[in-house]
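Positions are given from 1 along the sequence.
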Amino acid sequence: MDKLIIRGGVSLRGEVEVSGAKNAALPAMAACLLTDAPISLQRVPRLGDVRTIVALLSYLGVKAEVTQEALTLCAAGVGQFEAPYRLVKTMRASVLVLGPLVARFGRARVSLPGGCAIGPRPINLHLAGLEKMGAEISLDGGYVEAKASRLKGARIAFDVQTVTGTENLMMAASLADGVTVLENAACEPEVTDLAVLLNRMGARIEGAGTSTITVEGVESLQGALHEVIPDRVETGTFMVAAAITGGDVTITGCLPRHLEAVSNKLHEAGIGVEEGDRSLRVWADGPVRGVNVRTHPYPGFATDMQAQVMALMVTAEGTSVITETVFDSRFMHVNELLRMGANIRVVGNAAFVQGVPRLLGAPVMATDLRASASLILAGLAASGVTTVSRVYHLDRGYEALDEKLLGLGANIERVAE
Ligand code: EPZ
């Protein structure tokens, strides 16, 4: 296992290009199961979760070919319909093969994902939707079995907005008999990006990006070429990196409109933010003020940015209240920030942060993907040395974050533990 050694106090300066979005690439890769024609995806980030889903798809019989330009996936030879526990337990997004397998092959056996560091991660809404489309769902030994001769269109109303639930059912509905309407659907850009890919494959999807998505099922889908959208969470992470180190960073290859809530919040905190067409410049413009943050499904403030903005608030002037409304326990980074001298009190789903003048470097441990980012950001601002262990959590969801930070002048080194 690797660890990162960070010597804080350097103001980051320069330009950095973000990678393609992990959370757009994963559903796009699962979509290859919907056709026997190859799909080619560009700007797929080279990171752990992508490697995991390639392993899962290959296990099912998908042919994967990686070139400099694209990742090409072909599901013509799929002969296995089970997503095994050993793969699913490492990545909940493996559940994204469920909808496509049932839609195209009429069967699937997927291990239940279990919980993870940020709370229980049920898939009841995925299963309820498939049942409404006529699938027979049963649970057996920690696996969910789904069978359907042919899914039929249905009206499905989600009682909470679920990103991968919306993606799973949008993919399943693409090959169903009849029209499916998804109500209270997730509006994340990654959902919209998947719909763009599916329509390029011949699907008939309208309303993606809004809370009502209509899918008119078709007999079959074709291959397609698609470039996944930039990673908005990686973009936001670099925005905070610039702010927390008192630097001046231009982030390129991004889509500023996907970061409205984050840009507005940083501006409110006294940070300079300038939007370009596909770039964002972020710079320290005087002291950082404590602001309140409440996570919310898109276009609200992303839960995936909560840990990162907490790191910024820890050294801000004044107090801030950070409320996590999406997941049950996404405050695993708090205890580690406390070890660096932070002043945070958690009451229920709210963290009360009292800004301190300076963080002190310390050995800390990553517990989940975005907590890892939060600790690195804190280490960049802290005085002294911070060692972040278990960075495999980070490597699941960021492509070469430490190298990109090095390019901005950070004093950061990766060593084998
Ligand atoms: C997606 O996870 C993202 N992952 C997560 O990013 C992100 O944090 C999350 O959406 C929220 O934006 C991918 O896209 C691969 P949800 P997902 O279903 O789809 C409850 C990261 O850091 N729920 O939108 O698994 C659930 O418990 C990761 O990149 C049910 O109750 O999240 C949660 O409270 C972490 N039943 C809420 O809905 C269900 O059937 C939102 O979860 C499904 C979800």
Counting only pairs under 3.5 Å, give me each side-chain donor-acceptor contact of residues 23-42, with atom names and distances, residues two or more places apart or in other chains.
| unit_1 | atom_1 | unit_2 | atom_2 | d |
| --- | --- | --- | --- | --- |
| Thr35 | OG1 | Ala37 | N | 3.0 |
| Thr35 | OG1 | Leu221 | O | 2.7 |
| Ser40 | OG | Thr72 | OG1 | 2.7 |

Please collect all side chain to side chain donor-acceptor pair (under 3.5 Å) contacts where either partner lies in [range], sequence neighbours excluded, each pair once.
range: residues 332-345; result: Gln306-His333
range: residues 52-65; result: none
range: residues 367-393; result: Arg370-Tyr398

Looking at side-chain heavy atoms only, is the closest gap between [X] and [Y] below 4.5 Å?
X: Val179; Y: Arg204; value: no
X: Thr323; Y: Val293; value: no
X: Val95; Y: Val88; value: no

My understanding is that only residues two or more places apart in sequence, or in another chain, count here; which of them pass side chain to side chain donor-acceptor pair (under 3.5 Å) with [X]?
X: Lys3; result: none
X: Glu317; result: none
X: Arg155; result: Glu183
X: Asp402; result: Arg414

Okay, side chain of [X], backbone of [Y]: is any donor-acceptor separation there less than 3.5 Å?
X: Thr180; Y: Ala173; result: no
X: Glu188; Y: Val191; result: no
X: Asn349; Y: Glu324; result: yes

Under 3.5 Å, which donor-acceptor pairs link side chains of residues 192-200 to any protein atom two or more places apart or in another chain?
| unit_1 | atom_1 | unit_2 | atom_2 | d |
| --- | --- | --- | --- | --- |
| Thr192 | OG1 | Gly209 | N | 3.4 |
| Asp193 | OD1 | His226 | NE2 | 3.2 |
| Asp193 | OD2 | His226 | NE2 | 3.2 |
| Asp193 | OD2 | Ile229 | N | 3.3 |
| Asn199 | OD1 | Ile205 | N | 2.9 |
| Asn199 | ND2 | Ile205 | O | 3.0 |
| Arg200 | NH1 | His226 | ND1 | 2.7 |

No-hydrogen, no-angle side-chain donor-acceptor test under 3.5 Å, Ser211 and Gln161
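No - no donor-acceptor pair under 3.5 Å links their side chains.
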For the atom pair [atom1] ([X]) and [atom2] ([Y]), what is the distance rounded to the nearest 0.5 Å?
X: Leu401; Y: Glu234; atom1: CG; atom2: CD; result: 7.0 Å
X: Leu125; Y: Phe158; atom1: CG; atom2: CZ; result: 7.0 Å
X: Leu71; Y: Arg46; atom1: CG; atom2: CZ; result: 9.0 Å

Could you tabulate the donor-acceptor pairs under 3.5 Å formed by side-chain atoms of residues 6-19, not counting sequence neighbours?
| unit_1 | atom_1 | unit_2 | atom_2 | d |
| --- | --- | --- | --- | --- |
| Ser11 | OG | Thr245 | O | 2.8 |
| Ser19 | OG | Glu399 | OE1 | 2.9 |
| Ser19 | OG | Lys404 | NZ | 2.7 |

What salt bridge (charged side-chain N to carboxylate O under 4.0 Å, His left out) pairs are there with at least one residue in residues 283-310, not counting sequence neighbours?
Asp304-Arg330
So Lys22 and Asp231, salt bridge (charged side-chain N to carboxylate O under 4.0 Å, His left out) or not? Walk me through it.
CA-CA 7 Å; Lys22 164 178 84 81; Asp231 194 311; over 6 Å; no
Phe105: what forms a ring pair (Phe, Tyr, Trp, His ring centres under 6.0 Å) with it, not counting sequence neighbours?
Phe81
